[in-house]
Amino acid sequence: MKYYIIAGEASGDLHAANLVKAIRSIDPDAQLRGWGGDRMQAAGVEIVKHYRETAFMGFFEVIRHLPQILRLIRFCKKDLVGYAPDKVILVDYPGFNLRIATFAKSRQLPVYYYISPQVWAWKASRVKKIRRDVRRMLVILPFEQEFYSKYNYHVDFVGHPLLDALAHEKSTEPSDVYRSRLSLDGRPIVALLPGSRKQEVQRMLPVMLEAARKTPGYQFVIGKAPSLDDDFYQQVCGVHSPVLAPDTHELLRHSAAALVTSGTATLETALLGIPQVVCYKGATLSYLIAKQLVNISYISLVNLILDREVVKELIQKDCNPDKVLNELARILPGGDQRERILKDYMELAKTLGGKGASGRAAEFICNG
């Protein structure tokens, strides 16, 4: 069977790659073509466009790149028709993928959507379009099933794929080997995860570094996004030479705590059992618009899933070096919030449904 799969960001590439592996275990002769990254390519997908060319964030960033985005959509439609897949698989990335869903439906191509757009946060009106264009929606957050049921649309909760991704990874290398490889000394490590897009890193990393310089007794290592090169980080860091770790999960496993830009990384950090402070600062106008449109109490998946403040969120003006420094002290060893956070993380893992999300999703796609 021929599959066309689209993932537009680093996290989508990770989850799509594991989904592809599960599909191949069910359908060994599967042919796969699509949009994604290195992980999908390694899993056997013929990559048409890398997500480095497709990752845009924020209202005004999208508007600024609108001509390029429209060209990408036209290219995708043409490529989809030329490939003529049996099934189309869309992974998150709603601004792009919902348009492709409508086109695929018009061509009578069955659409399977893995990892729902966050319609529960904003633009719930999109549910009508999803119900019309998507044959099967496979959700990964436990509260999404109830949300969609309010709109008389049945979706399937398959569990969160991060549990699979972490389970498939190799065991952590010894601490002394890891430190030697990155030329680190014996001090405890704090991970800095400033995001995967240039705009995020440019806003978040300077704030994190300023807090880091005021924290004696620890060394700070930056989780390097695969789509960004070392020179870019050097430019953002200025005169200070950054220590970069190419494997974020491995970095977290060796860290005492983390400063994390809101996104999937907050959940990754939690599932690896690392106390964190969530930091977010967007373009001012984009943030003000989003604040009027978004209907959620928290910005991190950790807090959203458990519906309470498990980890501290520092947003916009609160995301400054002094407040980051203060909250970091509370989650480092000896801090008053550390043990409580670790206990809440255990509840979080149970809520997410256990391992096997990729396999369950593949069953729905291959046999549905």
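Taking a cutoff of 4.0 Å between a charged side-chain nitrogen and a carboxylate oxygen, R179 and D185 do not qualify as a salt bridge. Salt bridge status for R330 with D336: present, with a side-chain N to carboxylate O gap under 4.0 Å. In this structure, R340 pairs ionically with D344, as a charged nitrogen and a carboxylate oxygen lie closer than 4.0 Å. Looking at R308 and E347, a side-chain N of the basic residue comes within less than 4.0 Å of a carboxylate O on the acidic one, giving a salt bridge. Ion pair R360/D156 not flagged as a salt bridge, since none of the NZ, NE, NH1 or NH2 atoms sits closer than 4.0 Å to an Asp/Glu carboxylate oxygen. Checked for salt-bridge contact, E200 and K281 miss the test: no charged N lies under 4.0 Å from a carboxylate O. Between R24 and D29, none of the side-chain N atoms (NZ, or NE/NH1/NH2) sits under 4.0 Å from a carboxylate O, so this pair counts as no salt bridge.
Between the side chain of D13 and the main chain of R39, a donor-acceptor pair closer than 3.5 Å is present. The backbone N or O of E173 sits less than 3.5 Å from a side-chain atom of H254, completing a donor-acceptor pair. In this structure, E327 contributes its side chain and K323 its backbone to no donor-acceptor pair below 3.5 Å. Without hydrogens or angle criteria, T266 side chain to S262 main chain gives no donor-acceptor distance under 3.5 Å. Between the side chain of E313 and the backbone N or O of S300, at least one donor-acceptor pair lies under 3.5 Å. Listed for the E363 side chain is no donor-acceptor partner under 3.5 Å among the backbone atoms of G359.
Both I73 and Y4 belong to a common hydrophobic cluster when Ile, Leu, Val, Met, Phe, Trp and Tyr are linked at side-chain heavy-atom distances under 4.5 angstrom. In the hydrophobic clustering of this structure, I331 does not group with L325; members are Ile, Leu, Val, Met, Phe, Trp, Tyr whose side-chain heavy atoms approach within less than 4.5 Å, directly or through other members.
When all heavy atoms of C237 and I222 are compared, the closest pair comes out as SG-CD1, 4.0 Å.
Judged by the 6.0 Å and 45° rule, K2 forms a cation-pi pair with Y83. Taking the ring axis of Y233 as reference, the NZ or CZ atom of K224 does not stay both within 45° of it and closer than 6.0 Å to the ring centre.
H15 and D92 share no side-chain donor-acceptor pair at under 3.5 Å.
Here the two rings, on Y93 and F96, have centers that are under 6.0 Å apart. The distance between the ring centers of W120 and F143 falls below 6.0 angstrom.
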